There are 2 protein chains.
Amino acid sequence: MDKVRPYSHALDRLRNAGLRPTRQRLALAKLLFDDHDRHITAEILHGEALDAKVRVSLATVYNTLHQFNEAGLLREIVVDSGRSYFDTNTSDHHHIFNEDSRELKDIDDGQIGLTGMPAVGTGQEISRIDVIVRVKNS
Amino acid sequence: MDKVRPYSHALDRLRNAGLRPTRQRLALAKLLFDDHDRHITAEILHGEALDAKVRVSLATVYNTLHQFNEAGLLREIVVDSGRSYFDTNTSDHHHIFNEDSRELKDIDDGQIGLTGMPAVGTGQEISRIDVIVRVKNS
DNA sequence: GTGTTTGCAAAGTGTTTGCAATTTA
DNA sequence: TAAATTGCAAACACTTTGCAAACAC
């Protein structure tokens with residue numbers, strides 16, 4: 001029967017990741033993780049922070065997104081040369097990308113499956129397999 | 001028993017695409033299509049052109065790559081935010097990307113299969129499904 | 001000749017960096 | 001107070017653009 005406790009939720013995430021819970025990181029974590037399955041760019045998150053009256057620089061947003069990514073709190077998704085997307089859903093799943101609106105969304109789990117295992121060279125390991133369904137408005 | 005005729009090969013490609021066979025476009029087409037399954041960036045192609053003593057500006061390389069892409073002679077592949085790759089193999093196939101060397105290669109056809117059809121919203125159509133196997137040196 | 005293409009240099013976009021000032025533990 | 005973090009502005013990598021000169025048909 002736990003009530004949602006956004007503040008300590010974000011705080012715990014940062015603590016577990018070994019990141020100091022600064023004002024900026026707490027605020028960004030709250031914006032990122034209070035809703036599920038967000039796909040966000042640095043500029044958008046920066047805008048949301050400013051809208052929420054959180055003073056934070058764009059440089060810090062970039063730094064924070066990369067720190068969260070390295071800590072496994074986020075997953076960076078490459079779908080668009082020219083901008084980076086970060087997904088708050090870090091579980092194994094695939095994506096659908098609208099090339100017109102540049103909107104990125106998760107694909108329901110099980111909707112798509114992969115068969116066959118690619119051969120990787122020696123001295124190499126698979127870090128991830130991305131499936132991107134690219135759609136456009138018809 | 002046709003011998004390879006690189007010049008007219010490139011010329012025919014440009015003609016079929018409705019692109020004027022300028023000196024620059026012919027030279028770039030030759031560099032791109034004389035070998036198979038190339039995965040190239042604008043900077044690399046520009047460098048190869050200069051090595052081959054072809055005078056062409058980087059801006060023209062970018063323009064040409066995009067024109068070839070639109071004409072279906074090339075396929076742009078997004079694997080790396082920050083740079084664009086162009087694949088001379090325009091058939092349906094998937095890719096393996098080495099995140100350390102930033103090298104992009106084709107996956108042998110049939111090596112990987114997809115099951116399931118993603119649901120696309122109304123007013124949308126699938127323009128492509130990309131599978132990217134990301135590997136790193138272990 | 002007329003419309004297309006090129007090259008240059010400048011501008012643009014998204015991202016990273018260096019470093020002094022601030023904040024955290 | 002020692003170490004980590006922040007913000008700013010400058011630097012950065014890659015790409016696009018505007019426009020006059022060169023080229024293709």
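All values reported here derive from a predicted model rather than from experimental measurement. Proteins get letters first, then strands, A, B, ... in listed order; numbering begins at 1 in each.
- Distance from the side chain of B:R83 is smallest for D:dC14 among the nucleotides D:dT5, D:dC14, D:dA9.
- For residues 45-68 of chain B, the pairs satisfying salt bridge (Lys or Arg N to Asp or Glu O under 4.0 Å) are B:R38-B:E48, with sequence neighbours left out.
- Atoms CG (B:L26) and C1' (C:dT4) sit 15 Å apart, rounded to a whole Å.
- In this structure, B:L58 and A:R23 both approach DNA chain C, and ranking their closest nucleotides by distance from the 5' end singles out B:L58.
- Note on the helix from C:dG1-D:dC25 to C:dA25-D:dT1: terminal axis deviation equals 30°, with five pairs used at each end and the result rounded to 10°.
- Using modelled atom types and a 3.5 Å distance limit, the side chains of A:N89 and A:H39 yield no donor-acceptor pair.
- When each of B:A59 and B:S81 is assigned the nucleotide of DNA chain C bearing its nearest heavy atom, the one mapping closer to the 5' terminus is B:A59.
- Nearest-nucleotide assignment on DNA chain D puts the 5′-proximal partner with A:T60, out of A:T60 and B:A42.
- Sequence order on DNA chain D of the closest nucleotides to B:R102 and A:T64 puts A:T64 first from the 5' end.
- Put simply, CG on B:N63 is 18 Å from P on D:dC14, counting in whole angstrom units.
- Under 4.0 angstrom from either OP1 or OP2 of D:dT5 there lies at least one side-chain N or O belonging to A:R25.
- Rounded to whole Å, atom P of C:dT6 lies 10 Å from atom CG of B:L14.
- Remark: A:S57 is in phosphate contact with D:dG7, judged by side-chain N or O atoms under 4.0 Å from OP1 or OP2.
- Side-chain proximity of B:T22 to D:dA3, D:dA24, C:dT17: nearest is D:dA24.
- Both cation-pi conditions hold for B:R13 and B:F33: the charged atom is under 6.0 angstrom from the six-membered ring centre and inside a 45 degree cone around its axis.
- Close to D:dG7, at under 4.0 Å from its OP1 or OP2, lies a side-chain N or O of A:Q24.
- Note: CG (B:L19) to C1' (C:dG3) measures 15 Å, nearest angstrom.
- An OP1 or OP2 oxygen of D:dT15 is reached within less than 4.0 angstrom by a side-chain nitrogen or oxygen of B:S84.
- Of the listed residues (A:H95, A:K105, A:R75), just one forms a side-chain hydrogen bond (donor to acceptor under 3.5 Å, both in side chains) with A:D87, and that residue is A:H95.
- Side-chain polar atoms of A:S81 and B:S81 form no donor-acceptor pair below 3.5 angstrom.
- Within the structure, a side-chain polar atom (N or O) of A:Y62 is placed less than 4.0 Å from OP1 or OP2 of C:dT15.
- The phosphate of C:dT16 (OP1 or OP2) has a side-chain N or O of A:H66 nearer than 4.0 angstrom.
- If you measure from atom CG of B:L11 to atom C1' of D:dA24, you get 13 Å, rounded to the nearest angstrom.
- Put simply, A:I132 and B:V79 are part of two different groups of oily side chains (I, L, V, M, F, W, Y) that touch within less than 4.5 Å, one to the next.
- Within 4.0 Å of B:H46, counting heavy atoms only, lies no atom of the nucleic acid at all.
- When heavy atoms are screened at a 4.0 angstrom cut-off, B:R20 is found touching base atoms of the nucleic acid.
- With contacts defined as side-chain heavy-atom distances shorter than 4.5 Å, the pair A:Q67/A:R25 qualifies.
- Between the P atom of C:dT15 and the CD1 atom of A:I44 lies a distance of 11 Å, rounded to the nearest Å.
- Using modelled atom types, one finds no donor on one side chain facing an acceptor on the other under 3.5 Å when comparing A:Q124 with B:S138.
- We find that CG of A:D80 is positioned 14 Å from C1' of D:dC14, with the value rounded to whole Å.
- Protein atom CZ of A:R55 is 13 Å distant from nucleotide atom C1' of D:dC8, rounded to whole Å.
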